[in-house]
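So you know, we letter chains A, B, ... as the sequences are listed, proteins then strands, and number each from 1.
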Protein chains: 2
Amino acid sequence: MTVMLDNASGAPRYMALAEALRARIAGGDPAIGELLPTEHALCETYGVSRHTVREALRLLAESGLIARRRGAGTVVVANQTHDHFTQRLGGVDDLMQYARDAKLLPRSTRTGPLDGAVARAFGVAAGGEFFHVFGVRGRPGETPIALTDVYIRADIAPPVETIVEMGGSVTDWIARERGVPTARIEQSISAGALTEREAEPLNAEAGEAALRTRRRYYDKGGRIIALSDSVHPGERFTYDMVLLREAE
Amino acid sequence: MTVMLDNASGAPRYMALAEALRARIAGGDPAIGELLPTEHALCETYGVSRHTVREALRLLAESGLIARRRGAGTVVVANQTHDHFTQRLGGVDDLMQYARDAKLLPRSTRTGPLDGAVARAFGVAAGGEFFHVFGVRGRPGETPIALTDVYIRADIAPPVETIVEMGGSVTDWIARERGVPTARIEQSISAGALTEREAEPLNAEAGEAALRTRRRYYDKGGRIIALSDSVHPGERFTYDMVLLREAE
DNA sequence: AAGTGGTCTAGACCACTGG
DNA sequence: CAGTGGTCTAGACCACTTA
């Protein structure tokens, strides 16, 4: 009982097979949580080699439709693909695309537990030991771009001289030197008016529109690596991003 | 002259081979732009089958280190992997996360070539036929969230009633009904003060801080699908995003 | 026309899962 | 223990690029 694959389009067999299986899954035949036929069974059903079957299943796995477990089988985990866009970053701190030589000039540093008000603003639990750096971001001698507060988990924080040198890609340094890569970033962007306290070090006027970004960096286990909060006077900064649809 | 692969770690051969090649590329032996040895040559050099070689090269291609072209060879396109974060979206218009029932209420519509000033603001060429919708975004009867200008390529634009109904996920509709999926989105976010013209329909005050987002939607061939420009009064909107490190 | 990567077959052994 | 997916071999033909 061999099933014919649609060969009209001239597509390779493994693509035709992937499409046939995708259609079956979308139709709910193997419903979410159920098992797909085994590779061997698919070989027989569609009259193709195991390599071809595996190539087709690889496509479905890459689209996130199925999950495969040696010994257990191939289970359906979704019945349709979601749009899925990627943002490529040279490093985590490309999130904010400062000029390459825009450094963080610390105005004050402190180590201690996370303040209650700060924790609330970030929506995280207070306490824990954090290395806090408050500073101005920009090229030395020029009008600053931003005011930044960074809270770095104390046990993995770099020495302050390192922060000044590297111009702010702290999480890259932590991944490299401490072996704790960032797995997840949560970012909030909003607009607000500059307060007087903020306006002075930025050489700007209070009430001026500003872009505020708040970011939380987490490791694989969900532990906080760092928190950052920046204020950019409106006319000095635009946040540009490119999102690409992931190949499916 | 077979080269031994590092088998100490117990890793599969194709992974060991991929790691060996990655190290060579990182060392600059095949520099960026240069060709890797052919599959056949790699089989001989490392004493493995072609399938194993291809599996290793697939890993490198997925990491973005190499690009492969039938007939031409395998070229090095990068010497180290970049961090690579993904943003998952249920649909393209999740970019701006409005409440599900926040609809676009058109105030005016027009079809015609792209105005010179508008084209400059978006950084694209003027001309072409576009369907322009200007409207207010929000729940009917409540304080509006945003002011939006959308320019949709006229040949694939939906009827205006459809836009009102669906609450703004125009590009999803175009992908589904016109068969033109969005492949690339460019987004710029900045802060600025509300102008008087903008303040009135938003029930806000001129000079208030606002978040401005400008987006360009492109299809696979680089043709513009749509352009959008929105202004959100500062206190009414925060743009939240989550970025996940991609498994490599 | 020669050589590249893309597809495909027919085998094989293995590590792992489940009953 | 039988059966799964993971890895691997040794072939083959094809579409495409380059010269």
Legend entry - B:Arg54 side-chain N/O to C:dG6 phosphate OP1/OP2 under 4.0 Å: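 True: B:Arg54 side-chain N/O within range (under 4.0 Å) of C:dG6 OP1/OP2.
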Legend entry - A:Arg69 vs C:dC16: side-chain N/O to OP1/OP2 distance below 4.0 Å: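 No, outside the criterion.
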Legend entry - 4.5 Å side-chain heavy-atom contact, A:Thr148 and A:Asp229: no
Inset, instruction - Strictly below 4.0 Å, heavy-atom distances to any atom of DNA chain D: list the hits from residues 70-77 of chain B, or just say none. - result: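 When residues 70-77 of chain B is checked for heavy atoms under 4.0 Å from DNA chain D, the hits, listed by number, are B:Arg70, B:Gly71, B:Ala72.
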Name the pairs: protein N/O against N/O of nucleotides 8-11 of chain D, kept only if under 3.5 Å.
from	atom 1	to	atom 2	distance (Å)
D:dC8	OP1	B:Arg13	N	2.4
D:dC8	OP2	B:Arg13	N	3.4
D:dC8	OP2	B:Tyr14	N	3.2
D:dT9	OP1	B:Arg13	NH1	2.7
D:dT9	OP2	B:Ser49	N	2.7
D:dT9	OP2	B:Ser49	OG	2.7
D:dT9	OP2	B:Thr52	OG1	2.5

Starting at [atom1] of [X] and ending at [atom2] of [N], how long is that distance when rounded to a whole Å?
X: A:Glu55; N: C:dG6; atom1: CD; atom2: C1'; value: 10 Å
X: A:Arg58; N: D:dG6; atom1: CZ; atom2: C1'; value: 11 Å
X: A:Leu17; N: C:dT7; atom1: CG; atom2: P; value: 14 Å
X: B:Arg68; N: C:dT4; atom1: CZ; atom2: P; value: 12 Å

Using side-chain contact (heavy atoms from CB on, under 4.5 Å) as the criterion, list what pairs up with [X], not counting sequence neighbours.
X: B:Val77; value: B:Ala67, B:Val75
X: B:Ala31; value: B:Glu34
X: A:Ala61; value: A:Ile66, A:Arg68
X: B:Arg50; value: B:Glu39, B:Cys43, B:Arg54

Inset, instruction - For B:Arg216, check salt bridge (charged side-chain N to carboxylate O under 4.0 Å, His left out) against everything at least two apart and list the hits. - result: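 Only B:Glu186 meet the salt bridge (charged side-chain N to carboxylate O under 4.0 Å, His left out) criterion with B:Arg216.
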Legend entry - Residues forming a side chain to side chain donor-acceptor pair (under 3.5 Å) with B:Asp219, sequence neighbours excluded: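 By the side chain to side chain donor-acceptor pair (under 3.5 Å) rule, B:Asp219 matches no residue at all.
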Inset, instruction - Name every residue in residues 23-39 of chain B that has at least one heavy atom under 4.0 Å from any atom of DNA chain C, in order of residue number, or write none if there are no such residues. - result: B:Thr38, B:Glu39
Legend entry - Residue pairs fulfilling side-chain hydrogen bond (donor to acceptor under 3.5 Å, both in side chains) with at least one residue in residues 114-131 of chain B, sequence neighbours excluded: none
Legend entry - Of all pairs that satisfy side-chain hydrogen bond (donor to acceptor under 3.5 Å, both in side chains), the ones with a partner from residues 14-32 of chain B, not counting sequence neighbours: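 Found B:Glu19-B:Arg22, B:Arg24-B:Tyr46.
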Inset, instruction - Apply ring-ring contact (aromatic ring centres under 6.0 Å, His included) to B:His51 and list each qualifying residue two or more places apart in sequence or on a separate chain. - result: A:His51
Inset, instruction - Work out which heavy atom in B:Ser190 is nearest to a heavy atom in A:Leu211; give both atom names and the distance. - result: C-CD1, 3.9 Å
